[in-house]
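Here's the structure we're looking at; comments come further down.
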Number of protein chains: 2
Amino acid sequence: MEQLPNMRLTTQRQIILEELSKVTSHPTANEVYDMVRRRLPRIGLGTVYRNLELMADVGVILKLEVGGTQKRFDATVEPHYHVRCSSCGKVDDIDIAVQEQINQVAEKASNYKILGHHIEFSGICSDCMGKNQETDIN
Amino acid sequence: MEQLPNMRLTTQRQIILEELSKVTSHPTANEVYDMVRRRLPRIGLGTVYRNLELMADVGVILKLEVGGTQKRFDATVEPHYHVRCSSCGKVDDIDIAVQEQINQVAEKASNYKILGHHIEFSGICSDCMGKNQETDIN
DNA sequence: TAGGTATTGATAAACGTTATTAAACAGCAT
DNA sequence: ATGCTGTTTAATAACGTTTATCAATACCTA
Ligand SMILES: [Mn+2]
Ligand SMILES: [Mn+2]
Ligand SMILES: [Zn+2]
Ligand SMILES: [Zn+2]
């Protein structure tokens, strides 16, 4: 969907974007809902889903389709990569250079018009590492 | 989950693996169900889910967590990358060199113990390209 | 063959997301 | 200010995918 001229900047939209911009945790729609509800207790979950979707469509935020059962959202729209902890499911940014050239390599190797790519690393976060070390002593 | 010594090789398991191995289309659980049902008409959808999960756990197949609403399965377990058509959702292999070194780069740039990575390209497949060209003439 | 475990098919339940709808709201023209 | 018109909301129902439950069945081994 495109940005329509008669799309309004409602309080709900502003606050959803503000709350998402506050964190670097790539929250799920439900987590955004919880964050926003502290400021707008009467907001509906559907409103959060609808507006996250809308903002992702116009490019104000990113919708991440990473592993796990839920979609996640990201206020950082510049291209970058992510890690997902195999143990707890947490998603963090991986700040390494974006492989711009790889799209052309992929296009040559396929029948697709390549539009972009995303790298998802899998690993164990430092928190889960600590826990495992403690229990792995046995 | 690990391969248990008392895990049986049932007809259902064999046929699910055989059917998945026949295709390169990265089918969803439901699509595998349809394929398997032609040979085992009385199999339950739960059995398909259960065994795809099990085989992915022991590493006989891959469970792909790519974009879209459904998980997909892949009998090719060697590391490789994928494209997903933004238009029709089809998933294909991208046969380019696997970036082995990138895991170490990512590990240095993060607090994670990196275990692996996956690249998902997005693009438009040749089928959808043709359709769009035809309609885009107007 | 008999007993014990693993697995199945059927079905219900859970989960995340999307669709529906009446009411509320925001801008605009009178 | 009042009414008109289209947008958005909150509440809730519906949906599609996946997982859980469980009695019946199949398999293994002694
Ligand atoms: Mn990010
Ligand atoms: Mn593949
Ligand atoms: Zn973790
Ligand atoms: Zn396509």
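Note that this is a predicted model, so its numbers are computed, not measured. Sequence lines set the chain letters: A, B, ... in the order given, protein chains first and strands last, and positions in each chain run from 1.
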Closest nucleotide of DNA chain C for B/Thr11 versus for B/Gly46: which of these residues is on the 5' side?
B/Thr11
Residues A/Ile16, A/Val32; criterion side chain to side chain contact (heavy atoms under 4.5 Å, CB included); working and verdict:
CA-CA 7 Å; A/Ile16 288 169; A/Val32 174; 4.1 Å; yes
Please determine, by modelled atom types, if B/His82 and B/Asp92 share a side-chain donor-acceptor pair under 3.5 angstrom.
no
With a 4.0 Å cut-off on heavy atoms, is B/Thr47 in touch with a base, just the backbone sugar-phosphate, or nothing at all?
base
On the side chain of B/Arg8, is there an atom forming a donor-acceptor pair with the base of C/dT5 - under 3.5 Å, no angle test?
yes
Over how many whole Å does the gap from A/Leu45 atom CG to D/dT9 atom C1' extend?
13 Å
Looking across every strand, which nucleic acid part, if any, lies under 4.0 Å from B/Arg13 by heavy atom: base, sugar-phosphate, or nothing?
sugar-phosphate
Looking only at side chains, do B/Asn103 and B/His117 share a donor and an acceptor under 3.5 Å apart?
yes
Specify the separation, in whole Å, of atom CG of A/Leu52 and atom C1' of C/dT17.
12 Å
Give the rounded distance in Å between these two atoms: NZ of A/Lys71 and C1' of C/dC15.
13 Å
Value in whole Å for how far the P atom of C/dC15 lies from OH of B/Tyr49:
16 Å
Does a side-chain N or O of B/Gln12 approach OP1 or OP2 of C/dG9 to a distance below 4.0 Å, or not?
yes
B/Thr10 vs C/dT8: side-chain N/O to OP1/OP2 distance below 4.0 Å:
yes
Within a strict 4.5 Å, meaning less than it, do heavy atoms of the A/Arg39 and A/Glu18 side chains meet?
yes
Would you mind reading off the distance between B/Glu53 atom CD and D/dT18 atom P, rounded to a whole angstrom?
10 Å
Indicate if A/Val83 and A/Val91 have the same hydrophobic cluster label, given that clusters are the connected sets of ILVMFWY residues with side-chain heavy-atom separations under 4.5 angstrom.
no
Please report, rounded to the nearest Å, how far the P atom of D/dT18 is from the CZ atom of B/Arg50.
15 Å
Look at the side-chain N and O atoms of B/Asn6 and state whether any lies under 4.0 Å from the OP1 or OP2 oxygen of C/dT5.
no
What's A/Arg42 touching, base or sugar-phosphate or nothing? Going by heavy atoms closer than 4.0 Å.
sugar-phosphate
What integer distance in Å separates B/Asp34:CG from D/dG16:P?
15 Å
B/Ile15 CD1 to C/dG9 P, in whole Å, measures 10 Å
Touch class at under 4.0 angstrom, heavy-atom based, for B/Asn51 against every strand present
sugar-phosphate
